Undergrad: 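Mind looking over this structure? Questions follow.
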Number of protein chains: 2
Amino acid sequence: MPRVVVDVMLKPEILDPQGQAVANALPRLGVNDVASVRIGRRIEIEFTGEPDLDRAREIADKLLANPVIEDFTVRLVEADERAEARS
Amino acid sequence: MPRVVVDVMLKPEILDPQGQAVANALPRLGVNDVASVRIGRRIEIEFTGEPDLDRAREIADKLLANPVIEDFTVRLVEADERAEARS
């Protein structure tokens, strides 16, 4: 059964101290070729029946994202895509 | 320039109280067809040069995910995919 994935990221103009902290830690690990790190949320929603993108968008807007500082995208993901891409 | 996206999700056997709280709030919004909600992190890494998936995997393993309770996937995303999918 496909699931709906909501990606929530801070708007590009909003500072992301958490991502900045990770970026600042990288040189200590010997990583010097990273320009920026941004940390957001990924929410997986499983529906009992057919996945409903409009319904998911409504949930994201009301419960999952803060539209003042965050952007979100809603998309369908096949259930097996996740296992396939797993590293 | 493509960026690397790291998706970090709790392993399926680990309880997700945050996702459960969202799922429990949905009926109050009139949403009754959601079976489960799982909340994880999405990290976008921009490299100064060519995106390096192996390097990103190393960063995810050392800094971004807790391999005891979390799984992560690493993938390339075209820079314009994000804007295109924006709702």
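In what follows, chains carry the letters A, B, and so on, assigned in the order in which the sequence lines appear, proteins first and then strands, with residues in each chain numbered from 1. None of the values given here were measured: they were computed from a predicted structure. Scope of the values below: all heavy atoms of this structure, side chains included, with no hydrogens, waters or symmetry mates.
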Undergrad: Quick check: do A:Arg41 and B:Arg42 have side-chain heavy atoms less than 4.5 Å from each other?
TA: no
Undergrad: Can you name the closest pair of heavy atoms from B:Val34 and A:Thr48 and give their distance?
TA: C-CG2, 4.3 Å
Undergrad: Checking B:Leu64 against chain A: side chain, backbone, both or neither under 4.5 Å from a heavy atom?
TA: side chain
Undergrad: A:Leu10 and A:Val68: same hydrophobic cluster, using ILVMFWY side-chain contacts below 4.5 Å?
TA: yes
Undergrad: Excluding sequence neighbours, so at least two apart, what forms salt bridge (Lys or Arg N to Asp or Glu O under 4.0 Å) with B:Asp33?
TA: A:Arg55
Undergrad: What residue, out of B:Val22, B:Val31, B:Val4, has the most heavy-atom pairs lying under 4.5 Å from chain A?
TA: B:Val31
Undergrad: Rounded to the nearest 0.5 Å, what's the gap from OG on A:Ser36 to CZ on B:Arg3? Could you check?
TA: 7.0 Å
Undergrad: Could you tell me if the side chain of B:Lys62 sits less than 4.5 Å from the side chain of A:Leu29, heavy atoms only?
TA: yes
Undergrad: Does any backbone or side-chain atom of A:Leu63 lie under 4.5 Å from a heavy atom of chain B? Answer side chain, backbone, both or neither.
TA: side chain
Undergrad: Under 4.5 Å heavy-atom distance to chain A, tell me which part of B:Ile59 shows up: side chain, backbone, both or neither.
TA: side chain
Undergrad: Any chance you could lay out the side-chain contact (heavy atoms from CB on, under 4.5 Å) test for B:Arg38 and A:Ile43, step after step, and finish with the verdict?
TA: CA-CA 6 Å; B:Arg38 307 273 295 171; A:Ile43 300 106; over 6 Å; no
Undergrad: Given that the side chain runs from C-beta out, which part of A:Ile39 has a heavy atom under 4.5 Å from chain B: side chain, backbone, both or neither?
TA: both
Undergrad: Do you know which of B:Gly19, B:Gly40, B:Ala25 has the most heavy-atom pairs with chain A at a distance under 4.5 angstrom?
TA: B:Gly40
